[in-house]
Amino acid sequence: MAKFNWRALERKWQKKWAWAKVDETDPDPRRPKYFVTAAYPYPNSPQHIGHARTYTIADANARFHRMRGFNTLYPMGFHYTGTPLYAMAKRLSQNDPEIIETFTKIYGIPAAKLDGLKEPRRMADYFRDDIKKGMIEIGFSVDWRREFTTADRLYNRFIQWHFRWLNQHGFITKGTHPVAWCPNDKNPVGVVDIQGGVEPEIGDSHLVKFESDRTTYPTSTLRPETIFGVTNIWVNPNTRYVKAQIDSEEWVVSREAIETFEHQNHSVRIETELSGTDLLWKEVVNPMTNTAVPVLPADFVEPDNGTGIVMSVPGHAPYDYQALIDLKTRSWTSSQPEDIIRKIEPISIIKLEGFSEFPAADMVKKFEISGQKDPRLAQATKDLYSKEYHNGVMTDNAKPYTGLSVESARQAVIKDLTSSGKMTSIYELLNRPITCRCGTRVVVHVVDNQWFINYGDEEWKKKAHQCLDKMTILPEERRGEFNYTIDWLRERACARKVGLGTRLPWDMDWTIEALSDSVVYMAYYVLAKYLAKEWVIFKKFEKDPQKLPDSFFDYLFLGQGSTEAVSRETGISKRILDSARREFSYFYPVDMRHSAKDLVSNHLSFYIFHHTALFTQDQWPRGIVANGFVLMAGDKMSKSLENIIPLRQAVAKFGADPLRIGTLATAELNQDTDFNETLATTIQDRLIGLISQSRKLRRKMAAKRAYSTLDRWMLSRLNTAIQAATTAMERLRVREVVNIVLYHLENDAAWYQRRLGPKKTKGDARNQVLRQVFDSKARMLAPLAPHVADEMWFTLGNKGLVVRAEWPKPDDRFHDKTAEASESIVKQTLEDTGEILKATGLTAKSITYYAAGQWKLSIYQKALTAAQSDPKRQGEFIKEIMSDPKLRAIGKPAADYAAKSYQQATQMKEELRESRVGVQPNEKKVLEDASDFFRREFRAEIHVSQEGEKEIRDPKGRSRFAEPYRPAIFIE
RNA sequence: GCGGGGGUUGCCAAGCCAGGUCAAAGGCGCAGGGCUCAGGACCCUGUCCCGUAGGGGUUCGUGGGUUCAAAUCCCACCCCCCGCACCA
């Protein structure tokens with residue numbers, strides 16, 4: 001086969017669609033509307049086939065609704081807000097080799113173009129153009145008149161309105177907030193700013209204040225409840241310490257800790273420098289137990305871990321236990337250390353099932369630890385901490401917390417010590433060390449005056465739940481995750497100091513952060529059309545957006561104020577204002593919002609929250625689809641695996657429709673789907689096949705001929721397929737639709753052709769029947785593979801565009817129980833015959849089929865009815881049957897069959913019973929009609945008789961085995 | 001840890017909510033046959049085990065239970081994946 005020119009096919013139809021403006025949607029009060037949105041792309045890279053899945057599902061949904069008569073709007077914008085673009089542009093301008101390689105090698109951007117991308121806006125514009133081209137090339141039916149970016153000045157104005165509204169209505173709070181921070185850049189760092197791209201984890205480190213001579217020795221710990229087991233505290237003898245005034249107290253901490261305090265808003269004044277050894281052998285007082293414990297040396301203590309001083313709990317901390325052993329086995333030049341160390345013994349404070357009173361000792365033994373620098377200590381510690389936390393109980397040594405679980409004891413100790421001023425806490429990076437791309441160690445910095453959106457508000461949560469409860473969530477399995485997210489969301493920082501975006505209207509130092517400026521933008525699509533260049537009236541506001549007052553947005557989106565007043569204030573004509581307001585009321589709310597599943601716990605939940613705050617109930621979102629990802633040949637797509645195929649390259653390589661189907665065909669919505677080349681080529685072949693078959697059926701609608709049972713079977717199957725595809729599409733079970741159209745229906749058509757035989761017999765209706773099948777196929781394929789569908793449609797000789805045609809309607813008149821029953825007899829018989837031939841190894845010369853006798857059919861029907869209406873006891877049924885004199889005359893066989901058929905009927909699935917009750921094809925005739933077919937299949941003579949016939953040829957007496965739907969078979 | 005999703009016959013993947021046509025759709029792979037000069041494509045057949053008559057046996061993460069009947073319902077356990085934020 002000559003290589004199929006996908007590009008030509010795509011161009012051809014895309015041009016026609018553009019010409020016919022099939023994607024452009026304006027309000028039409030005579031038709032119901034359907035509003036589809038998908039999460040707009042972030043243009044810091046080309047899109048890949050993973051992105052294609054979400055947008056293809058959204059597109060299929062939009063196209064499906066168009067075909068069902070909805071005035072469907074599917075718009076698209078671009079999200080410029082945030083730091084990644086900013087960080088990438090910066091890296092590029094610093095000629096970072098890693099990013100240059102990604103851009104040139106994976107994204108295929110010519111090296112000459114890189115210079116033009118060194119400014120964030122221009123990088124965004126570049127990828128925006130690329131993404132948009134890709135979306136057009138793959139055939140998404142987007143109304144591009146409504147395109148915008150979040151860096152547009154009027155969009156900024158819109159977001160300012162949104163945030164001012166939130167602030168005025170009490171949804172914004174202010175506070176402090178810890179962030180990962182690069183002291184060199186003086187900026188917060190995100191994943192993209194960090195070497196190796198790790199995510200910084202910030203946690204609380206508790207500082208327990210041990211004391212000596214009014215000087216505080218704050219020890220950092222994650223387990224404050226172990227304070228009862230403290231035998232000493234550790235400092236690192238090889239480290240620099242300082243005595244400093246921290247806030248209003250005298251503290252001794254490591255040199256490194258000073259920086260931490262400074263970043264976390266503590267006042268710091270260094271007084272004297274000390275070495276670790278200066279601190280040794282002193283005594284400090286445990287603030288909980290008031291006992292004095294010594295300061296001892298340990299090499300494992302890291303100076304940048306909290307304060308550089310830690311408590312020693314040898315009974316329960318493997319590091320401490322090992323460090324103590326190291327000390328005890330060491331030889332000393334003076335006697336002072338020896339005396340102190342000799343006296344130290346572990347204290348048991350936590351009882352843990354399956355361990356001795358000193359679990360740390362058990363772990364050290366189990367892990368065969370050789371010294372306090374042994375790397376296995378980390379794992380031993382992790383294991384033990386987790387076990388004690390979940391299963392440990394405080395012992396008598398931990399009064400008054402005896403008997404409490406470790407978990408609750410910790411809470412209690414924190415509360416008690418903090419309230420008495422004996423403990424405080426600092427933030428710490430839990431996965432140290434983290435290095436900024438500039439080479440500087442990342443620290444935790446506490447940002448003052450941080451602005452938050454208060455998702456913790458109970459009233460707000462209630463409304464969000466209310467909204468969610470009424471929404472369609474696809475797949476439904478996702479709903480639990482939404483409920484959980486709504487419950488756990490708290491205050492969320494909504495502004496930061498760097499990156500692109502909108503300035504916070506009341507505090508212009510801050511830029512509204514990316515997940516906060518993207519929650520109500522679906523409303524902006526309505527406005528975006530009016531802001532497009534040709535609407536001169538808006539151009540002046542683009543130059544000076546501040547001139548557009550809040551009252552304009554209040555009117556347009558909330559319906560507040562009057563047209564007259566807003567018109568007076570803005571100078572926009574009442575006609576345009578009215579029209580925009582009507583357009584908003586017409587399209588809003590969004591009927592279905594599409595995204596991948598990763599946005600459930602953030603964006604999609606915020607989306608619900610904000611809509612319930614800003615809008616009245618009738619404008620709350622109606623549905624969300626959160627689909628799974630795309631895997632490349634079984635692997636997650638990643639830059640390091642170099643298995644990312646940019647979307648446009650993939651379209652060029654596989655064709656738009658094969659790619660669309662390829663990302664939808666192998667898994668249901670909820671599952672991650674796998675894409676690979678074999679799949680793509682298989683789909684290509686299928687689609688090409690459909691086009692070439694359509695060619696053969698061109699204009700074959702001609703004369704109406706009487707339909708045979710087989711024809712009616714095919715049309716009945718088609719009707720079933722339409723029904724199934726329709727329900728599947730309504731639930732966006734796109735994989736199933738692909739299956740039905742591309743495989744099930746195809747198989748039925750193949751069976752139909754096979755039954756008819758290779759030669760066209762005089763006047764059979766196959767072309768008309770197949771023509772109908774193909775018409776429907778083209779329509780059902782249109783949302784998924786629109787180019788191929790339109791090509792089929794045209795090739796079949798239809799007028800107009802299939803993307804504008806109607807989705808096929810199931811029609812009960814085509815549902816033909818008898819035809820389906822007849823065909824199932826033929827299939828069953830074919831199978832059984834084959835099975836016998838296989839089991840016996842016979843070569844058939846002649847095959848005789850015996851249809852079941854009339855009396856069996858009548859018993860069978862009675863059994864079906866009995867089982868359906870009133871599943872009485874089998875005995876009664878048999879009695880009833882045998883009360884019929886005709887049947888009684890048959891005797892035992894009748895009773896036996898009554899028993900058997902009754903059992904079959906009661907155990908049958910309801911739908912099957914339903915389909916057979918009252919339906920009784922003439923089996924002998926069915927088999928006779930199919931005998932040509934059987935002859936071809938088995939290359940044998942075919943005879944058909946009915947059990948009980950007068951002139952029956954039945955040398956082996958097989959006819960008595962005949963049953964309804966199961967003719968007896970005799971092979972010679 | 002908390003929350004969510006999942007474990008199906010060589011691989012991928014339906015079925016599970018509404019138990020019975022389930023040895024379990026479909027695709028891929030593999031084997032045989034047809035077509036062809038040949039290969040590819042395409043078509044047919046087979047692909048858990050046994051079987052000279054349409055049958056039987058053993059299967060759906062593991063172990064129990066409910067039922068006439070369990071991949072499907074209930075209980076317990078094991079394993080895998082994802083999210084847990086200020087980042088798009």
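In what follows, chains carry the letters A, B, and so on, assigned in the order in which the sequence lines appear, proteins first and then strands, with residues in each chain numbered from 1.
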- [ ] Check every strand shown and say whether A:Arg735 touches a base, only sugar-phosphate, or nothing at a heavy-atom separation below 4.0 Å.
- [x] base
Open item on the list: Closer than 4.0 angstrom, basic N to acidic O: yes or no for A:Asp672 and A:Lys597?
Closed with: yes
TODO: Would you indicate what A:Pro967 reaches in the nucleic acid, counting non-hydrogen atoms under 4.0 angstrom: base, sugar-phosphate, or nothing?
DONE: base
TODO: Fit a plane to each ring of A:Phe606 and A:Tyr455, take the angle between them on a 0 to 90° scale, and name the class: parallel (under 30°), tilted (30 to 60°) or perpendicular (over 60°).
DONE: parallel
- [ ] Please report, rounded to the nearest Å, how far the P atom of B:G26 is from the CG atom of A:Asp685.
- [x] 19 Å
Task: Nearest-Å distance for atom pair CG/P, residues A:Asp674 and B:A13 - done: 7 Å
Open item on the list: What's the closest nucleotide to the side chain of A:Leu515 if the choices are B:A88, B:A85, B:G6?
Closed with: B:A88
TODO: Using a heavy-atom cut-off of under 4.0 Å over every strand shown, decide if A:His603 touches base, sugar-phosphate, or nothing.
DONE: nothing
Open item on the list: In whole Å, I'd like the distance from the CG atom of A:Leu837 to the C1' atom of B:C44.
Closed with: 15 Å
Open item on the list: Under 4.0 Å, heavy atoms only, any strand: does A:Ala839 hit a base, just the sugar-phosphate, or nothing?
Closed with: base
- [ ] Would you kindly give the CD1-to-P distance between A:Ile486 and B:G4, to the nearest whole Å?
- [x] 14 Å
- [ ] Anything under 30° is parallel, anything over 60° is perpendicular, the rest tilted; go ahead and classify A:Tyr521 against A:Tyr40.
- [x] parallel
- [ ] Send over the distance from A:Asp832 CG to B:U21 C1', rounded to a whole Å.
- [x] 13 Å
Task: Side chains of A:Ile971 and A:Phe938 in contact at under 4.5 Å (non-hydrogen atoms) - done: no
TODO: Compare the minimum distances between each of B:C86, B:C28, B:G55 and the side chain of A:Glu835, then state the nucleotide with the smallest one.
DONE: B:G55
- [ ] Sort out the partner of B:C68 for me: Watson-Crick or G-U wobble, both distances under 3.5 Å, none otherwise.
- [x] B:G20
Open item on the list: If I take atom CZ in residue A:Arg492 and atom C1' in nucleotide B:A85, what distance separates them, rounded to the nearest angstrom?
Closed with: 6 Å
Open item on the list: Under 4.0 Å, counting only non-hydrogen atoms across every strand here, what does A:Thr81 touch: a base, just sugar-phosphate, or nothing?
Closed with: sugar-phosphate
- [ ] Could you check whether A:Tyr389 gets within reach of a base, just the sugar-phosphate, or nothing at all, counting any heavy atom under 4.0 Å?
- [x] nothing
- [ ] Find the partner of B:G63: check Watson-Crick (N1-N3 plus N6-O4 or O6-N4) and G-U wobble (N1-O2, O6-N3) distances, both under 3.5 Å, and reply none if neither fits.
- [x] B:C75
Open item on the list: Any donor-acceptor pair under 3.5 Å linking the side-chain atoms of A:Tyr850 with those of A:His943?
Closed with: no
- [ ] For nucleotides B:C22 and B:A70, find the distance between their P atoms and express it as a whole number of Å.
- [x] 16 Å
Open item on the list: Heavy atoms only, 4.0 Å cut-off, all strands: where does A:Ser824 land among base, sugar-phosphate and nothing?
Closed with: nothing
Open item on the list: Say we look at B:U52 and B:C43: how far apart would their C1' atoms be, to the nearest angstrom?
Closed with: 30 Å
Task: Distance between C1' atoms of B:G65 and B:C11 (Å, rounded) - done: 34 Å
- [ ] Go through B:A88, B:G6, B:G26 for me and flag the one nearest to the A:Gln671 side chain.
- [x] B:G6
TODO: Assess whether one donor atom and one acceptor atom, taken from the side chain of A:Asn602 and the base of B:A88, lie less than 3.5 Å apart.
DONE: yes
- [ ] Take atom C1' in B:U9 and the same atom in B:C30, then report the distance between them in whole Å.
- [x] 15 Å
TODO: Please state the C1' separation for the pair B:C12 and B:C37 - nearest whole angstrom.
DONE: 37 Å
TODO: Please work out if A:Leu85 contacts a base, only the sugar-phosphate, or nothing of the nucleic acid, heavy-atom cut-off 4.0 Å.
DONE: nothing
Task: Sugar-phosphate, base or nothing in reach of A:Leu679, heavy atoms under 4.0 Å - done: nothing
TODO: Please determine, for the side chain of A:Ala493, which listed nucleotide (B:A53, B:A85, B:C86) has the closest atom?
DONE: B:C86
TODO: Tell me what A:Lys838 touches on the nucleic acid: a base, only sugar-phosphate, or nothing, going by heavy atoms under 4.0 Å.
DONE: base
TODO: Taking only the side-chain heavy atoms of A:Lys636 (C-beta and beyond), determine which of B:G26, B:C2, B:C82 contains the nearest atom.
DONE: B:C82
Open item on the list: Taking the minimum atom-to-atom distance to the side chain of A:Leu489, which one of B:G26, B:G4, B:A85 wins?
Closed with: B:A85
TODO: Mind checking A:Tyr743 for me? I need base, sugar-phosphate or nothing, with any heavy atom below 4.0 Å counting as a touch.
DONE: sugar-phosphate
- [ ] Taking only the side-chain nitrogens and oxygens of A:Thr83, find out if one of them lies under 4.0 Å from OP1 or OP2 of B:A88.
- [x] yes
TODO: Would you indicate which nucleotide in B:G5, B:C44, B:G26 comes nearest to any side-chain atom of A:Glu477?
DONE: B:G5
- [ ] Remember a base hit wins even if backbone is also touched, and classify A:Ala968 as base, sugar-phosphate or nothing at under 4.0 Å, heavy atoms.
- [x] base
TODO: Look at the side-chain N and O atoms of A:Arg966 and state whether any lies under 4.0 Å from the OP1 or OP2 oxygen of B:G55.
DONE: yes
- [ ] Provide the distance between the two P atoms, one in B:C84 and one in B:C77, to the nearest whole Å.
- [x] 27 Å
Open item on the list: Under a 3.5 Å distance rule, please check whether A:Arg128 uses its side chain to pair with a backbone N or O of A:Phe78 as donor and acceptor.
Closed with: no
- [ ] Find the partner of B:G51: check Watson-Crick (N1-N3 plus N6-O4 or O6-N4) and G-U wobble (N1-O2, O6-N3) distances, both under 3.5 Å, and reply none if neither fits.
- [x] none
- [ ] Examine distances only and state if a side-chain atom of A:Thr666 and a backbone atom of A:Asp674 form a donor-acceptor pair shorter than 3.5 Å.
- [x] yes
- [ ] Using atom CG of A:Asp598 as one end and atom C1' of B:C84 as the other, report the distance to the nearest whole Å.
- [x] 14 Å
Open item on the list: At 4.0 Å (heavy atoms only), tell me whether A:Asn676 reaches a base, stays on the sugar-phosphate, or touches nothing.
Closed with: nothing
TODO: Scan every strand shown for a Watson-Crick or G-U wobble partner of B:A38, both distances under 3.5 Å, and answer none if you come up empty.
DONE: none
TODO: Write down the partner of B:G10 under the Watson-Crick or G-U wobble criteria, each distance required to be under 3.5 Å.
DONE: B:C28
Task: Residue whose nearest RNA chain B nucleotide is more 5′ - A:Gln828 or A:Tyr455 - done: A:Gln828
Open item on the list: Any base atoms under 4.0 Å from A:Glu668, or only sugar-phosphate, or nothing? Heavy atoms, all strands.
Closed with: sugar-phosphate
Task: Ionic contact status for A:Glu513 with A:Arg492, cut-off 4.0 Å - done: yes
TODO: For the side chain of A:Phe970, starting at C-beta, report the closest nucleotide among B:G5, B:A53, B:C28.
DONE: B:A53
Task: salt_bridge(A:Arg966, A:Glu963) N-O dist < 4.0 Å - done: no
Task: N or O in side chain of A:Arg479 less than 4.0 angstrom from B:G3 OP1/OP2 - done: no
Task: Phosphate OP1/OP2 of B:G15 contacted by A:Arg733 side-chain N/O (<4.0 Å) - done: yes
TODO: Report the base-pairing partner of B:G1 (Watson-Crick or G-U wobble, both distances below 3.5 angstrom), or none.
DONE: B:C84
TODO: Check for a donor-acceptor pair, side chain of A:His51 on one end and backbone N or O of A:His48 on the other, with a separation under 3.5 Å.
DONE: yes
Open item on the list: Heavy atoms from C-beta onward define the side chain here; which of B:G27, B:A53, B:C42 lies closest to that of A:Arg958?
Closed with: B:A53
TODO: For B:U21 and B:C79, measure between their C1' atoms and round to the nearest Å.
DONE: 34 Å
Open item on the list: Taking the C1' atom in each of B:A14 and B:G83, what is the distance between them to the nearest angstrom?
Closed with: 27 Å
Task: Distance, rounded to the nearest Å, where A:Trp488 contributes CH2 and B:G1 contributes C1' - done: 15 Å
